[in-house]
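Below is one structure; the comments refer to it alone.
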2 protein chains.
Amino acid sequence: MGSNERRERAKEETRRRILDAARELFASEGADAVTMRRIAERIEYTPTAIYVHFKDKLALLRELMTSDLQVFAAHFASVAAVEDPIERMCTMGHAYVDFALTHPNHYRLLFITTLPIPKTELTPAAGTGSPEEDAYTMLELVVGAALASGRLRPEHTDLPLLCQTVWSCMHGVASLAISMRCHAEFEWRPVSDITAMTLQCMVRGLVRDGDPYLSTLGAHP
Amino acid sequence: MGSNERRERAKEETRRRILDAARELFASEGADAVTMRRIAERIEYTPTAIYVHFKDKLALLRELMTSDLQVFAAHFASVAAVEDPIERMCTMGHAYVDFALTHPNHYRLLFITTLPIPKTELTPAAGTGSPEEDAYTMLELVVGAALASGRLRPEHTDLPLLCQTVWSCMHGVASLAISMRCHAEFEWRPVSDITAMTLQCMVRGLVRDGDPYLSTLGAHP
DNA sequence: CCGCTTAGTTAACGCCGTTAACCGAATTAA
DNA sequence: TTAATTCGGTTAACGGCGTTAACTAAGCGG
């Protein structure tokens, strides 16, 4: 009988509806609004019904995270098109901060909130590895290309160190902007300015003197 | 009668004990452990007793924050002693990350968790302004000295932009290190290396070519 | 038709922050 | 000295949270 398959599809459907409800709640009202009871209320189920599909709230959030990581990764689709490897790196930086500010709740969940994530439970069935690794892999690809171009200073050879440094700085711009949005007592410069400034400094610190990309940054009289 | 004063002192004492208990709980077990009930349990009071001294949990945390900000600011005491203004900036950066990693819970509360803080309620009686502004003022002082030294590239003139860029990068190193501590799937470089790398790049992006401080970074063959 | 699996419900537990009503000791005033 | 008042602290309770155990009922295979 194919009816068993239909049952399975229905279960999958319910599971998806739970995730969608959680995502909507999360995106519109923030992390505090994501409650087992409110999720259940949205899909007109009992809170305990969720436990049929997910071990607990953490498992639910973890799965939400992995699917959001794919959205995150997709945000960098256009980056690969940039020809110049140095410029590509900067474009990626801007895209990173842009994602964080347009989806602050998602960014929080992905990179600010520390969920105790037992990675071993993440299904490695996806083949290439976890999406988080994939996003990091994209970074490694872009920074690696800059490194391979031979335009970086000779003392820069440690690719992981380079990636983590760049990531840290971009994360700093993004997360500080998100965290400190309300604090009006500082005269905050536009985030795009801080992003540009950061990338400009980083690039100058990374590439050799006289690199062609530097001349596009600011014409020094 | 002085007995009234004694009563007031006793109240102040209880208030202090509440804050201390909250701080200990927070430092040793993290934010989740800071519960009105657990705080009360520590000082052998009823949870509701806390409400005699603090409007609600948020007010308590806010006050905890301001006192911790003073500890934070004190962490930079030695920075002022560094002669060279560029080196001073780097020393401050290292001290910043060092504070974040040795007091991760405090750092979280201060700069990662976004508490809805109505600053208007913060007593401006301290005179100089809020401690948070003071820490920021210290940053402005240090970066301002670098700017005033005339050793920065001529295109860098916007002090707030400079401060916020430097702060963002250091916050990025610190907070990413805190958030991602558990994720062992990346081969993380030591945080001190990332800090040094970040500062090195920032400095090279900020100061003019041929600045004496650059030669102390890495001798290029 | 019968027994089994299973999506979903009911009821409850122990936590949480917070409030209203109350208590009792110390201070003040008569 | 005694009555009134202040106020630090307690008791009991409310509504909300994540989660569990026990149960219901529908659909499947034999």
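Here is the naming used below: chain letters follow the sequence lines, and residue numbers restart at 1 for every chain. These numbers come from the heavy atoms of this one structure, side chains and all, not from hydrogens, waters or symmetry mates.
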(message) Could you walk me through whether A:Val71 and A:His106 satisfy the side chain to side chain contact (heavy atoms under 4.5 Å, CB included) test, starting with their C-alpha distance in whole Å, then the side-chain angles of each, then the deciding distance to 0.1 Å, before giving a yes or no?
(response) CA-CA 10 Å; A:Val71 178; A:His106 294 76; over 6 Å; no
(message) Across nucleotides 10-24 of chain D, 5' to 3', mark each nucleotide with B, S or - according to how protein heavy atoms within less than 4.0 Å reach it.
(response) BBB----BBBB----
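Ring geometry for B:Tyr96 against B:Phe72 counts as perpendicular: the plane angle is over 60°, on a 0 to 90° scale with 30° as the lower cut.
Here the CZ-CG distance, from A:Arg204 to B:Leu206, works out to 9.5 Å after rounding to the nearest 0.5 Å.
Between the CG atom of B:Leu60 and the P atom of C:dG17 there is a distance of 11 Å, rounded to whole Å. In this structure, NZ of B:Lys11 is placed 16 Å from C1' of C:dA25, rounded to the nearest angstrom. Atom C1' of nucleotide C:dC16 and atom CD of B:Glu41 are separated by 14 Å, given to the nearest angstrom. With rounding to whole Å, B:Glu13 atom CD is found 11 Å from D:dG9 atom P. The separation between B:Phe54 atom CZ and D:dG8 atom C1' is 14 Å, rounded to whole Å. Nucleotide D:dG9 holds its C1' atom 16 Å from the CZ atom of B:Arg15, rounded to whole Å. Rounded to whole Å, atom C1' of D:dG8 lies 17 Å from atom CZ of B:Arg9. To the nearest angstrom, P of D:dC7 lies 10 Å from CD of B:Glu8.
Within the 4.5 Å cutoff, the side chain of B:Phe111 has no heavy atoms near those of the B:Ser175 side chain.
Checked against a 6.0 Å centroid threshold, the rings of A:Phe99 and A:His103 count as neighbours.
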Using distance only, find each side-chain donor-acceptor pair of residues 31-49 of chain B under 3.5 Å and give its atom names and separation, not counting sequence neighbours.
residue	atom	partner	partner atom	Å
B:Arg38	NH1	B:Glu29	OE1	3.1
B:Arg38	NH2	B:Glu29	OE2	3.0
B:Arg42	NH1	B:Glu24	OE1	2.7

